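Contents: one structure, followed by commentary.
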Amino acid sequence: MIKVYNTLSRKKEELRSINPPKIGMYVCGPTTYNYIHLGNARPLVVFDTIRRYLIYRGFEVTYVQNFTDVDDKIINRAHEENKEAHEIADFYINEYFKDARALHVREADLHPRVSEHIPEIIEAIKALIDKGHAYVRDGDVFFAVSSFPGYGKLSGRSPEDILAGARVEVDERKEEPHDFALWKSAKPGEPYWESPWGKGRPGWHIECSVMSMKYLGSTLDIHGGGADLVFPHHENEIAQSEAYSGQPFVRYWLHNGFITVNKEKMSKSLGNFFIVRDILQKYSGNVVRLYLLSTHYRSPLDFDDSKLEEAERALERIKNSWHLLQEALGEPGSTDLTPKDEELSRELDTLRAEFIMAMDDDFNTALAISHIFGVVRAVNRYLAEAKTRSRPVLEHAMQVFREMIDIIGIALDAEEAQSSSKVRDLVSSLVEFRRQARQEKDYPTADMVRDLLHRQGVILEDSKEGSRIRLETEPELEGLMADIMQMRQSLRKDKNFARADQLRETLAAQGIIIEDNREGSRWRLVD
RNA sequence: GGGCGGAUGGCGAAGUGGAAACGCUGCGGUCUGCAAAACCGCCAUUCACCGGUUCGAAUCCGGUUCCGCCCUCCA
């Protein structure tokens, strides 16, 4: 049984969809006038993980995420850059997808845009006016909050509370101060659409009501977003949608907590935000995901560089175990079961059950991840201690391991595939070169190779069977070669010509020709 | 002012009535030419503070202090 914390009821409730096994899920997407920052990335990753988990548990999820591509900020940006508003929106939507992909966020089933739903929005506004929930004031249309009795139920405040705390100047034309715009008339130079009330564009809140109900029906199972959307955005969505359809709008409201910097909310207005694109320069999507999911989604999450460093080391532990396991699967393995095999198998089943229990409890990814480390420990211990290795048990381990990291969205196979073959081959040949040096007890050279590789982001580990390599980062061919050339220079300086020549031959076998002359050495590729 | 949430080891973070998970860091050991990885072991008698309920409280109740968020565009 999956339990979710519902902002509306302020408690955990059993998740029951309207039409099992279907689940309709709508998540508020970004306003596309800039690259997304880490604060924007949290709901992306959180709700992507929730979606993955619901699918894992057998639900047929329809996942909808909108783009707000009509908005004041986009218009302003367009003015600044002397472009059309839709050009700005299109550009950043495209950039959004690049970041999302890098974070292993799966594309939604539908990505509706406001600009493509203007007729439906106008129809909805008309209906609200007809039903007496909205009124027109010189080209603008406002929603009459007093016409909707349940207003304030999501954010837990009464209309009086809202008035008491009003900090903003009220538009004189509104009947009540907390009424909000459904349609805004266009000022000169602004993009507009024709409507019964004149040229203008939709207000912010109406888009989500119209688009979510269009694709998911008048009652959504899950509506998600950041906690800052609770009021007024989601409160207004409820008012509009329920006034329009007469049906409950959403069964479960899910809200993620903020990312903070020095305990302060990361936001564009405070200027303390970090662009996802920049972070991904230094850390992989796997690292960012592990960081974002290592705290429960409703809790605040403080950011600084050391947090990503820590996540990176934690990910290393997972990756090491994964590679160890893959390596073991590459060997023959036995088929009969020893007590150690049975113990591991039992442990794996327990860990999987615990992982599911954690996720069932309002998507407790922090606890769930601890069970991934449980698998890591169990597998590592088995590999270190078992005299024989049972193939079916290793496969079982791989299966459980994969299920778990897939839900969290850590993609280990993809990371492997990124490595280009040329550099890979070059690294392997250096490892072979070092093996020979070690065999001949030429440890200074062997260590020199290891240091070189280490500088290039390649970690070498020696074992009885041979050397294992781990790529921390993908070395650049140019940088790697420069380092190799330098190492060879120092071999020659030490008059270790045999080794230097051997290195030259090794590289030649890789299609890399080294030429020595009076000025120094250079290298080139042959095909 | 109104509404909501939080305070757990050196750091991060689970845990909501009965052995204080997990990760990072640090320390000791095994393995190793050395290193790394891995394995084994150690590191909170204590969960902001005070009082109460209970056989039993980090967990429930009351109070205090501190912190964050929302009430304005925001994920």
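What you see is a predicted model; the values in this text were computed from it and never measured. Within every chain, numbering begins at 1; the chains are lettered A, B, ... in the order of the sequence lines, protein sequences first and strands thereafter.
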Minimal non-hydrogen separation, A:L394 against A:Y382, with atom names: CD2-CE2, 3.8 Å
Nearest heavy-atom contact between A:Y252 and A:N6 is CA-ND2, 3.7 Å
Within the structure shown, what part of the strands sits under 4.0 Å from [X] by heavy-atom distance: base, sugar-phosphate, or nothing?
{"X": "A:K265", "value": "base"}
{"X": "A:G39", "value": "base"}
{"X": "A:L383", "value": "nothing"}
{"X": "A:G257", "value": "base"}
{"X": "A:N320", "value": "sugar-phosphate"}

Which distance, rounded to the nearest 0.5 Å, do you find between the CZ of A:R51 and the CZ of A:F363? 13.5 Å
Got a second to check how far A:H371's NE2 is from A:L351's CG, nearest 0.5 Å? 7.5 Å
Let's see if you get this right: which residues in residues 40-53 of chain A place a heavy atom under 4.0 Å from RNA chain B? A:N40, A:P43
Please identify each residue that fulfils ring pair (Phe, Tyr, Trp, His ring centres under 6.0 Å) with [X], with sequence neighbours left out.
{"X": "A:F67", "result": "A:Y96, A:F97, A:H111"}
{"X": "A:Y26", "result": "A:H223"}
{"X": "A:F433", "result": "none"}
{"X": "A:F180", "result": "A:F143, A:H205"}

Quote, to the nearest angstrom, the [atom1] distance that separates [N] from [M].
{"N": "B:G62", "M": "B:C27", "atom1": "P", "answer": "46 Å"}
{"N": "B:C49", "M": "B:G12", "atom1": "C1'", "answer": "24 Å"}
{"N": "B:C70", "M": "B:A75", "atom1": "P", "answer": "12 Å"}
{"N": "B:U45", "M": "B:U8", "atom1": "P", "answer": "15 Å"}
{"N": "B:G26", "M": "B:A35", "atom1": "P", "answer": "16 Å"}

Using the rule side chain to side chain contact (heavy atoms under 4.5 Å, CB included), only one of A:L38, A:I279, A:L290 pairs with A:L308; which is it? A:I279
Sugar-phosphate or base contact per nucleotide [nucleotides 25-36 of chain B; S, B, -; heavy atom under 4.0 Å]: S-------BBBB
Using nucleotides 47-49 of chain B, report all nitrogen or oxygen pairs with the protein that are shorter than 3.5 Å.
none

Nearest nucleotide by nearest heavy atom, which residue falls closer to the 5' end of RNA chain B, A:R377 or A:L38? A:R377
Which is more 5' along RNA chain B, the nucleotide nearest A:N380 or the one nearest A:E264? Just name the residue. A:N380
With sequence neighbours excluded, residues passing side chain to side chain contact (heavy atoms under 4.5 Å, CB included) with A:S306: A:D304
Watson-Crick or G-U pairs under 3.5 Å in RNA chain B, rendered as dot-bracket with [ ] for crossing pairs and | for another strand: ((((((((.[[[..)..(...]]].(((((.......))))).....[[[[[..)....]]]]])))))))....
Does a nitrogen or oxygen in the side chain of A:K319 sit under 4.0 Å from OP1 or OP2 of B:A37? no
Any donor-acceptor N or O pair under 3.5 Å, side chains A:D69, A:Y92: no
Show each protein N/O and nucleotides 4-14 of chain B N/O combination with a separation under 3.5 Å, one pair to a line.
from  : atom 1 : to     : atom 2 : distance (Å)
B:A14 : OP1    : A:H296 : N      : 2.9
B:A14 : O3'    : A:N364 : ND2    : 3.0

Below 3.5 Å, can you tabulate the donor-acceptor pairs from side chains in residues 400-408 of chain A to any protein atom, sequence neighbours excluded?
from   : atom 1 : to     : atom 2 : distance (Å)
A:R402 : NH1    : A:D413 : OD2    : 2.7
A:E403 : OE1    : A:Y56  : OH     : 2.8
A:E403 : OE1    : A:R352 : NH1    : 3.0
A:E403 : OE2    : A:R352 : NH1    : 2.7
A:E403 : OE2    : A:Q399 : NE2    : 2.7

More than 12 heavy atoms of other residues, nucleotides or ligands under 6.0 Å from NZ of A:K3: yes or no? no
Filter on side chain to side chain donor-acceptor pair (under 3.5 Å), then keep only pairs touching residues 37-47 of chain A, sequence neighbours left out; what's left? A:H37-A:N40
